[in-house]
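Some notes on the structure that comes next.
Just so you know, ligand 1 is whichever comes first in the structure, and atom 1 is the first atom listed for that ligand.
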Amino acid sequence: MSEKSPKLRAELDGIPTYKPGKPAAAGGPVAYKLSSNENPYPPLPGVLESAVAAAGSFNRYPDMACTGLVTELAERFGVPVEHVATGTGSVGVAQSLIQSTAGPGDEVMYAWRSFEAYPIITQISGATSVQVPLTPGDVHDLDAMADAITERTRLIFVCNPNNPTGTVVRRAALERFLDRVPADCLVVLDEAYREFIRDADVPDGIELYRDRPNVAVLRTFSKAYGLAGLRVGFAVAHEPVAAALRKTAVPFGVSQLAQDAAVASLRAEDELLGRVGSLVGERKRVYETLVGQGWTVPETQANFVWMRLGEATARFAAACEQAGVVVRPFAGEGLRVTIGEPEANDLFLHAAEAFRKEL
Ligand SMILES: *Cc1c(COP(=O)(O)O)cnc(C)c1O
């Protein structure tokens, strides 16, 4: 065999590989997965039925334009169908957004720490990441971000609420920021956790995008809607951004199962959002219990909590696993814990109480 191997792009060197949330341990005593911000509820009956029905024709390619889903979304949000672009999860759409705007020599900006996919998809494109540290309170530092814009900045992610900290930026601050961003630079409001927000001062990105051609909103069916495994997300953006997303999307990327299940989820929204309400109730309980135990936890508007534990992070993650819950550690920094079913949250809270006494 030849010693030579195919030449790969230098941009891929040293790429941080995406670390998926650890699965719940197989064969362990109990195993709740609180590591990937998934919805703990199984699919709603109607949603499952439409996916199963669609499975009957998976010898056929799906509708490439996602016509049914796009029409439903456009109606639901009161936007033109031309402004809706779908993709293989909102990460797929985010990757298309970068491919549409940035390449070598360009800059993609985002807060750090934020969503782990941003550095990876930026590096793949050959563009340069500009990471702007969160404030000491773990919130986006929008003034510092605006100050860091250069003539090479092509795209800025604002993750609201931020993954993994759960913190939000509010209307006045976000509007002031958007007013400072040049019109030829795209701002992507990543609202993967939009449905969990209960703070009325957090703006709906779809309201902000309407009179701002350089704002795009990312949403997903993976979190509140409980379709993480089906890979479907979407952007709402003006032309020509939405058109560029349709050009760069993986052809036939969104399966018919995913399209039909997403439509069924939108139609079952009342029931789904009821479940989201229960999770928000659990979030409050988890947050307040942790604070009562003496932990400092940033206020969260998402379906997870963030604990900045520094050097104790790995030890606490191991203690949680021992207690039967898998969480998401960021070594040396902190730990993100998804709000799950009440039993899982209880196990986590007991582990936190015990660990607090050990510190
Ligand atoms: C989970 C998540 C997504 C959604 O990813 P999908 O590809 O839609 O499953 C997007 N952005 C953030 C910040 C997330 O945490």
Side-chain angles (χ1 to χ4, degrees), residues 18-22 33-40 43 66 69 73 84-99 108-122 124 129 131 134 138-140 155-169 187-197 202 205 216-237 245 248-250 253-255 257-259 261-262 265-266 276 279 283 298 300-306 327-328 330 334-340:
Y18 179 77
K19 277 212 207 107
K22 237 179 142 177
K33 184 172 177 236
L34 301 182
S35 52
S36 295
N37 298 343
E38 293 149 334
N39 192 321
C66 295
L69 176 56
L73 287 169
V84 182
T86 52
T88 56
S90 55
V91 172
V93 184
Q95 187 154 25
S96 290
L97 282 164
I98 294 183
Q99 271 189 306
V108 174
M109 186 193 296
Y110 46 88
W112 199 250
R113 178 168 286 279
S114 188
F115 187 35
E116 280 186 295
Y118 300 155
I120 299 169
I121 58 182
T122 301
I124 291 171
S129 273
Q131 303 184 335
L134 297 170
D138 283 322
V139 180
H140 275 67
L155 186 153
I156 304 172
F157 286 110
V158 176
C159 189
N160 201 27
N162 188 46
N163 177 3
T165 59
T167 52
V168 289
V169 290
V187 179
V188 177
L189 304 175
D190 185 344
E191 299 186 332
Y193 302 97
R194 171 71 209 165
E195 297 80 7
F196 295 97
I197 294 175
V202 179
V217 183
L218 266 186
R219 298 276 181 96
T220 181
F221 284 95
S222 295
K223 307 289 160 55
Y225 288 90
L227 303 182
L230 286 181
R231 313 308 304 130
V232 52
F234 62 97
V236 176
L245 290 176
T248 50
V250 174
V254 183
S255 73
L257 261 79
Q259 294 181 35
S265 295
L266 288 168
V276 168
L279 290 169
R283 170 177 81 195
T300 173
Q301 289 289 314
N303 65 338
F304 52 84
V305 290
W306 171 245
V327 299
R328 175 73 176 88
F330 296 83
L335 191 126
R336 189 192 68 202
V337 186
T338 306
I339 304 298

Donor + acceptor pair across side chains of Asp190, Tyr110 (<3.5 Å):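 Tyr110 and Asp190 do not have a side-chain donor-acceptor pair below 3.5 Å.
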
Taking atom types as modelled, find out whether Thr167 and Asn162 have a side-chain donor-acceptor pair closer than 3.5 angstrom.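 The answer is no; no qualifying pair exists.
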
Quick check for students: name every N or O atom pair between ligand 1 and the protein closer than 3.5 Å, with distances.
from, atom 1, to, atom 2, distance (Å)
ligand 1, 7 (O), Ser90, N, 3.2
ligand 1, 7 (O), Val91, N, 3.0
ligand 1, 7 (O), Arg231, NH2, 2.6
ligand 1, 8 (O), Ser90, N, 2.6
ligand 1, 8 (O), Ser90, OG, 3.0
ligand 1, 8 (O), Thr220, OG1, 2.5
ligand 1, 8 (O), Ser222, OG, 3.4
ligand 1, 9 (O), Ser222, OG, 2.6
ligand 1, 9 (O), Arg231, NH1, 2.8
ligand 1, 9 (O), Arg231, NH2, 3.3
ligand 1, 11 (N), Asp190, OD1, 3.2
ligand 1, 11 (N), Asp190, OD2, 2.8
ligand 1, 15 (O), Asn163, ND2, 2.8
ligand 1, 15 (O), Tyr193, OH, 2.6
ligand 1, 15 (O), Lys223, NZ, 3.3

How far apart are the C-alpha atoms of Phe196 and Asn37, what are their side-chain angles, what is the distance that settles it, and do they pass the side-chain contact (heavy atoms from CB on, under 4.5 Å) test? CA-CA 12 Å; Phe196 295 97; Asn37 298 343; over 6 Å; no

Using a 4.5 Å cut-off on heavy atoms from C-beta on, say whether the side chain of Phe330 contacts that of Arg336.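 SC-SC contact between Arg336 and Phe330 confirmed.
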
For Arg113, give me all partners under salt bridge (Lys or Arg N to Asp or Glu O under 4.0 Å), at least two apart in sequence or on another chain.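 Glu333.
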
Should Leu73 and Val236 be marked as a side-chain contact (heavy atoms from CB on, under 4.5 Å) after you check the CA-CA gap, both sets of side-chain angles, and the distance that decides it? CA-CA 9 Å; Leu73 287 169; Val236 176; over 6 Å; no

